[in-house]
J.: 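One structure follows; several queries about it will come next.
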Amino acid sequence: MLPPPLERALKVLVIGGGGREHALAWKLIQSPRVEKLFIAPGNPGTALLGENVPIKATDIEALVRFAQEKAIDLTLVGPEVPLAAGIVDDFQRVGLRIWGPSKAAAQLEGSKVAMKEFLRRHNIPTAQFKVFAKAADAHAYVEEIDGPLVVKADGLAAGKGVTVAKNAVEAHEAIKSIMERQDFGREAGRQVVIEEVLWGEEISVFAFCDGHNAVLLEYCQDHKQALDGDQGANTGGMGAFAPVRTLMRPRDEDEMVRRILVPTMSGLVHEDRPYVGLLYMGLMLTDSGPKVLEYNVRFGDPECQALMLLLKTDLVDVCEACIDGTLEKTTLDWHEGVSICITMAAKNYPADNYLKDQPITGLDSPEALKAQVFHAGTSIAGGKLVSSGGRVLSVCALGTDLDQARAIAYAACDAIAYTGKHYRRDIGRRQEARKARK
Ligand code: AMP
Ligand code: GLY
């Protein structure tokens, strides 16, 4: 008997150039369905997997032109900025297949104010909050509360526009930074959200979505603060591991689906902006159940890197099911064991004056070769690999358990060298640290 006909081999484009996009590219080229992979703009790591295209992730017009010229069959968008700017609508307008939420659906992440108002409209559990358009009113509110508060810039701020203020002094400083100095730009600084502090364990919940159906991925935990013991400034993410099985009790899971996931999906359908792509729900597991800290409209970085190592199912099939509205028939298969991703950052990160242009060595050491290293902020200068971003590398490993995954990944981090390298030593150890303190 003849074998069944092969489906047409696909030309796939990944948009973005960080560790998340390197991990997506790494996963995609394992698909027998992918014939050719382009990454725009990519990085020195993705250059080894496919063809980097020198177009910025924000240059939507040029990306549409490129996808048309090359007859790209499927485009995956990594970062939030092009999604919030409407890249999905622009691709679809000219008949190109693209995986991600529409501009209207992507506003869930674009504005914290809009996100909190969505949560309130649909009665989805979240921290109590107030919105301020005038710095003086925000300062007055801080005086009135006189206790710990969270201050958030309204617009996109690369994960850095949030301050969990222990006291009024820190809250006033955050308001000054966001609204008066406009450290995150004029748009992001127009309004602030001030909300109550939620206490509990933080967990990243991801779901593939096709507009109406959602399929949950393995739960993941990120470590947002720069220093061990969850000290220091908030960053884009210093390390993650998955699966996280012990944190989400069955009661929490049931509540998360019933009170968060389902009303989020149906709320968006009701508002005529059904969600397609990857929905990221940052949750706090509080004593009174899970509450939404934030939505993101794309994969987390570095959570994506850990999840791509763990996912067995062909990513192309899942993305197509999202686009075609056939997720109901999709289940996800996972490798056994635990996957971890350690962010190797630059000296001074997350401050803007992080150290750049440092030559990187040790990627070909036996220790690094046992791990899976994704490039996050690197470039080639004078024929050499150098650091160019605040987060430089994502060092990942899949182990039989968390200890083994940690051992492989940390041996690689130790073997990789560049001036000013910084990484947390305690990724995956938060629960133990909490227990030890009790
Ligand atoms: P966001 O970008 O809103 O997720 O905030 C970034 C980080 O700040 C979160 O991942 C939490 O670690 C922390 N955070 C945000 N909101 C709160 C809150 N209401 N209570 C406690 N921590 C928070
Ligand atoms: N790791 C957190 C984020 O991607 O927003």
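Both counts, for ligands and for their atoms, begin at 1 and track the order of listing. Worth knowing before you read on, the calculation uses all heavy atoms, side chains too, and leaves out hydrogens, waters and symmetry mates. For this chain, numbers begin at 1 and follow the sequence in order.
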J.: Can you tell me if P302 has a non-hydrogen atom under 4.0 Å from ligand 2?
T.: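 The answer is yes: ligand 2 sits under 4.0 Å from a heavy atom of P302.
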J.: Would you mind finding which of V162, V151, T126 brings a heavy atom closest to atom 8 (O) of ligand 1?
T.: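 Result: the heavy atom closest to atom 8 (O) of ligand 1 is in V162.
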J.: Any salt bridge linking E367 with K370? Criterion: basic side-chain nitrogen under 4.0 Å from a carboxylate oxygen.
T.: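 K370 and E367: not salt-bridged.
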J.: Which of the numbered atoms in ligand 1 are under 4.0 angstrom from any heavy atom belonging to K152?
T.: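 Close to K152: 3 (O), 15 (C), 16 (N).
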J.: So which bit of D222 gets within less than 4.0 Å of ligand 1, heavy atoms only: side chain, backbone, both or neither?
T.: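 Looking at D222 and ligand 1, no heavy atom falls under 4.0 Å.
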J.: Just one of K152, K116, K224 clears the salt bridge (charged side-chain N to carboxylate O under 4.0 Å, His left out) bar with E294, so which one?
T.: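 In the set K152, K116, K224, the residue that makes a salt bridge (charged side-chain N to carboxylate O under 4.0 Å, His left out) with E294 is K224.
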J.: Do NZ/NE/NH1/NH2 and the carboxylate oxygens of R430 and D228 come within less than 4.0 Å?
T.: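 Looking at R430 and D228, the cut-off is not met.
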J.: My understanding is that we take every heavy atom of each candidate and find the minimum distance to atom 3 (C) of ligand 2. Doing that for M238, Q305, R298, which one comes out nearest?
T.: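 Closest candidate by heavy-atom distance is R298.
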J.: Between D401 and R406, does at least one N-O distance fall below 4.0 Å, as a salt bridge requires?
T.: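 So D401 does not pair with R406 through a salt bridge.
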J.: Check whether E320 reaches the backbone of D317 with its side chain - one donor and one acceptor, N or O, closer than 3.5 Å.
T.: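 Not at all, since once roles are kept as given, no pair shorter than 3.5 Å links the two residues.
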J.: Near L198, which atoms of ligand 1 are under 4.0 Å from a heavy atom of that residue?
T.: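 Taking each heavy atom of L198 in turn, ligand 1 has 18 (C), 19 (N), 20 (N), 21 (C) under 4.0 Å.
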J.: So is K224 close enough to ligand 2, meaning a heavy atom under 4.0 angstrom away?
T.: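 Per 4.0 Å heavy-atom rule, K224 contacts ligand 2.
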J.: Less than 4.0 angstrom from a charged side-chain N to a carboxylate O is my criterion; do E170 and K166 meet it?
T.: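 The answer is yes: the pair qualifies as a salt bridge.
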J.: Could you tell me whether D333 atom CG has more than 12 heavy atoms of other residues or ligands within 6.0 Å of it?
T.: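 Result for CG/D333: enclosed.
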J.: Which of the atoms in ligand 1, numbered in the order shown and given with their element, are less than 4.0 Å from a heavy-atom of N234?
T.: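 Counting from 1, the qualifying ligand atoms are 7 (C), 8 (O).
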J.: Say whether E303, considering both its backbone and side-chain N or O atoms, lies within less than 3.5 Å of an N or O atom on ligand 2.
T.: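 Yes, there is a polar N/O contact under 3.5 Å.
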J.: Which atoms of ligand 1 have any heavy atom of V197 under 4.0 Å away?
T.: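 Close to V197: 20 (N), 21 (C).
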J.: Under a 4.0 Å heavy-atom limit, does L293 contact ligand 1 with its side chain, its backbone, both, or neither?
T.: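 For L293, the contact with ligand 1 is made by both the backbone and the side chain.
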J.: List ligand 2 atoms under 4.0 Å from G300, heavy atoms only on the residue side.
T.: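 Those qualifying, in numeric order: 4 (O).
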J.: Mark up the atoms of ligand 1 that fall under 4.0 Å of a heavy atom belonging to M284, in ascending order.
T.: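 Contacts of ligand 1 toward M284, numbered from 1: 21 (C), 22 (N).
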J.: Side chain, backbone, both or neither: which part of K112 comes within less than 4.0 Å of ligand 1 when only heavy atoms are counted?
T.: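 K112 to ligand 1: side-chain contact only, backbone stays beyond 4.0 Å.
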J.: So, is G236 polar-close to ligand 2, with some N/O to N/O distance under 3.5 Å?
T.: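 Yes; at least one N/O pair falls below 3.5 Å.
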J.: So, E195 and K130, do they make that salt bridge, N to O below 4.0 Å?
T.: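 Looking at E195 and K130, the cut-off is not met.
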J.: Whether the D154 and S111 side chains hold a donor-acceptor pair (N or O, under 3.5 Å, no angle test) is what I'd like checked.
T.: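 On atom types as modelled, these side chains qualify, holding a pair under 3.5 Å.
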J.: Ignoring hydrogens, just give me the one of E195, M115, Q225, K224 whose non-hydrogen atom is nearest atom 19 (N) of ligand 1.
T.: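 Minimum heavy-atom distance to atom 19 (N) of ligand 1 goes to E195.
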